[in-house]
Q: 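Can you keep this structure in mind? I'll have questions shortly.
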Number of protein chains: 2
Amino acid sequence: MNQNVFDDPRITAVGLLVEAHAGLSARFAAQFEEHGLSPVEFEVLTRLARSPGNQLRMTDLAAQTSLSTSGVTRVVDRMERDGLLCRRACPSDRRSSYAVVTTAGLQRLDQTLPGHLRIIEQWFTGQLEPEELRAVLDGLRRVRDAVHPGATAGSTEPVPEEDARS
Amino acid sequence: MNQNVFDDPRITAVGLLVEAHAGLSARFAAQFEEHGLSPVEFEVLTRLARSPGNQLRMTDLAAQTSLSTSGVTRVVDRMERDGLLCRRACPSDRRSSYAVVTTAGLQRLDQTLPGHLRIIEQWFTGQLEPEELRAVLDGLRRVRDAVHPGATAGSTEPVPEEDARS
DNA sequence: CGAGGAATATTGCCATGGCTATAGTTGCTC
DNA sequence: GAGCAACTATAGCCATGGCAATATTCCTCG
């Protein structure tokens, strides 16, 4: 068996990306937990808080998170039970319902965000010189745009079908 | 509520990292599935295949993957049932047992790896100029070393305790 | 208008995996 | 050697979340 396949620079590159991500996620999760939030709940809270009216239809919330629509149903169940958000019927479409952040939810987010930003700075952005950071982010943006169809509003271009990198 | 918190460059930076990782993971998972593997199973297979004797104690396997020891027990259960690996009693310590990759497991990995490498190149490394890629990897290495204690054998230095909290 | 198909949220069923308790083993200390 | 703490793998119980089925509601086309 070809042992040195694992020394392939591509494997190494992915390993770095995965481990950097995993390490940061673990730090985030620990801090979220201090504020009684799971990573998914924090994600939901931020997505709602940055949406007009602090609300989003269940479907749209699912599209903006890592969850399926049924997953969103359940997270919203839990968070509604905890008073972080509530459901609101959509007046124009009786199939839809909104998830709306409550005041308590916004407060919780406010409590969590400063520490979150501190962690990012301490363990990610602050570890790099400004121009290094810019280089990393430029690279990640290119990867993201290639591999994550429809991630940003800006990239409406079709997903590149081949390895073409202009 | 402070809406423009979400325009904070730190939030943006993490968002890029997370989405690049998520996009790549999704592509990987799709290709693994073509070969009848889950992401965790692929991880286990590679960890074992790159270990001396194609084997690892359950505990060590857990330490090298994203799983707890009980998680490893179950993945190994499934993979043993599928014939990808088998358990072997440790002769020197009757508490321990090894997970050993079978020939079928190595074959499965051989079938999967070329496509995996192609995906990495097509959607990650190949999207960047060589010097861009090097810059990204250098940055990720720094982040990884900071945030992921004990990730590599090379970085024995203690985790920076530069702290600022509480 | 009415029928059929698409969209929306939810629920049932299931796989995955973490935490904790447990049983077996080892090694250290007295 | 006996006792005890640490280690190792596993099983029980539970939370999370995906997929598919389901019930509503909406929309389009005839």
Side-chain angles (χ1 to χ4, degrees), chain A residues 18 22-23 25-30 32-33 36-45 47-48 51 55-82 84-100 150, chain B residues 18 22-23 25-30 32-34 36-45 47-48 51 55-82 84-100:
Chain A
V18 168
S25 294
R27 303 243 170 215
F28 291 157
F32 293 152
E33 198 171 15
L37 291 175
S38 71
V40 181
E41 287 169 346
F42 178 81
E43 196 184 359
V44 166
L45 237 35
R47 289 299 179 177
L48 291 179
S51 298
Q55 62 182 354
L56 231 34
R57 298 185 321 149
M58 303 295 277
T59 303
D60 298 330
L61 187 52
Q64 291 191 18
T65 60
S66 51
L67 291 171
S68 64
T69 62
S70 60
V72 164
T73 293
R74 280 156 184 144
V75 180
V76 169
D77 281 347
R78 298 195 291 270
M79 297 177 73
E80 191 171 30
R81 181 161 26 84
D82 295 347
L84 297 175
L85 49 82
C86 61
R87 284 178 168 85
R88 198 174 69 79
C90 175
S92 62
D93 186 340
R94 294 172 56 190
R95 294 170 301 181
S96 301
S97 62
Y98 287 103
V100 195
Chain B
V18 168
S25 293
R27 304 242 171 217
F28 291 157
F32 293 152
E33 197 171 15
E34 293 175 9
L37 291 175
S38 71
V40 182
E41 288 169 345
F42 178 81
E43 196 183 1
V44 166
L45 237 35
R47 289 298 180 179
L48 291 179
S51 298
Q55 62 182 353
L56 231 34
R57 297 186 323 149
M58 303 295 278
T59 302
D60 299 329
L61 187 52
Q64 291 191 19
T65 60
S66 51
L67 291 171
S68 65
T69 62
S70 60
V72 164
T73 293
R74 279 153 185 146
V75 180
V76 170
D77 281 348
R78 299 195 291 271
M79 296 177 73
E80 191 172 29
R81 183 161 26 81
D82 295 348
L84 297 175
L85 49 82
C86 61
R87 282 177 168 86
R88 196 173 71 80
C90 175
S92 61
D93 188 338
R94 293 171 57 190
R95 293 171 300 182
S96 302
S97 62
Y98 286 104
V100 195

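Throughout, protein chains are lettered first and strands after them, A, B, ... in sequence-line order, and every chain is numbered starting at 1. FYI, side chains are in, hydrogens and waters are out, and symmetry mates aren't considered; it's all heavy atoms of this structure.
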Q: Is the side chain of B:R47 donor-acceptor paired with the backbone N or O of B:Q64 at a distance under 3.5 Å, no angle test?
A: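 Indeed, once roles are kept as given, a pair shorter than 3.5 Å links the two residues.
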
Q: Where do A:L37 and A:L84 land on the side chain to side chain contact (heavy atoms under 4.5 Å, CB included) test, with the steps shown first?
A: CA-CA 10 Å; A:L37 291 175; A:L84 297 175; 3.8 Å; yes

Q: Would you please confirm or rule out a distance under 4.0 Å between OP1 or OP2 of D:dT8 and any side-chain N or O of B:R94?
A: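 For B:R94, the contact criterion (side-chain N or O under 4.0 Å from OP1 or OP2 of D:dT8) is not met.
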
Q: Would you mind classifying the nucleic acid contact of B:T73 as base, sugar-phosphate or nothing, using non-hydrogen atoms under 4.0 angstrom?
A: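 The residue B:T73 makes base contact.
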
Q: Quick check: on DNA chain D, is the nucleotide nearest B:V72 upstream (toward 5') of the one nearest A:V72, or the reverse? Name the residue that is more 5'.
A: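 Result of the comparison: B:V72.
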
Q: Just the rounded figure in Å: distance from C1' of D:dT8 to CG of B:L56.
A: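 B:L56 atom CG is separated from D:dT8 atom C1' by 14 Å.
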
Q: Roughly how far apart are B:C86 SG and B:M79 CE, rounded to 0.5 Å?
A: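 Result: 11.5 Å between the selected atoms.
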
Q: Do A:R74 and A:L67 pass the side chain to side chain contact (heavy atoms under 4.5 Å, CB included) test, and can you show the C-alpha distance, the side-chain angles, and the key distance before you say yes or no?
A: CA-CA 10 Å; A:R74 280 156 184 144; A:L67 291 171; over 6 Å; no

Q: For the pair made of CG in B:L61 and C1' in D:dT10, what is the distance, rounded to whole Å?
A: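 The answer, rounded to whole Å, is 15 Å.
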
Q: Reckon B:S66 touches a base, only the sugar-phosphate, or nothing at all at heavy-atom distances under 4.0 Å?
A: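 The residue B:S66 makes sugar-phosphate contact but no base contact.
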
Q: Just the rounded figure in Å: distance from P of C:dG5 to CZ of A:R95.
A: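 It works out to 16 Å between those atoms.
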
Q: Rounded to whole angstrom units, what separation is found between the CE atom of A:M58 and the P atom of D:dT25?
A: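 Rounded to whole Å, this separation is 17 Å.
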
Q: Round to a whole Å and report the spacing from CG of A:D60 to C1' of C:dA7.
A: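 Value for this atom pair: 12 Å.
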
Q: Can you measure B:M79 atom CE to C:dG17 atom C1' for me and round it to whole angstrom units?
A: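 Roughly 15 Å, once rounded to whole Å.
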
Q: Within the sub-3.5 Å range, which N or O atoms of nucleotides 13-16 of chain D have a protein N or O partner, and how far apart are they?
A:
from: D:dC13; atom 1: N4; to: B:R74; atom 2: NH2; distance (Å): 3.4

Q: Would you sort out whether A:M58 and A:T69 count as a side chain to side chain contact (heavy atoms under 4.5 Å, CB included), showing the intermediate values?
A: CA-CA 7 Å; A:M58 303 295 277; A:T69 62; over 6 Å; no

Q: Could you say whether B:S70 or A:V75 is positioned toward the 5' end of DNA chain D, judged by the nucleotide with the nearest heavy atom to each?
A: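 The residue mapped nearer the 5' terminus is B:S70.
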
Q: For A:R87, check side chain to side chain donor-acceptor pair (under 3.5 Å) against everything at least two apart and list the hits.
A: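 Expected list: A:D77, A:E80.
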
Q: Over how many whole Å does the gap from B:D93 atom CG to C:dC28 atom C1' extend?
A: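 For the pair B:D93 CG and C:dC28 C1', the rounded distance is 15 Å.
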
Q: Less than 4.5 Å apart, side chain to side chain, heavy atoms only: is that true for B:V76 and B:L61?
A: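 The answer is yes, as the side chains (C-beta and beyond) meet within the 4.5 Å cut-off.
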
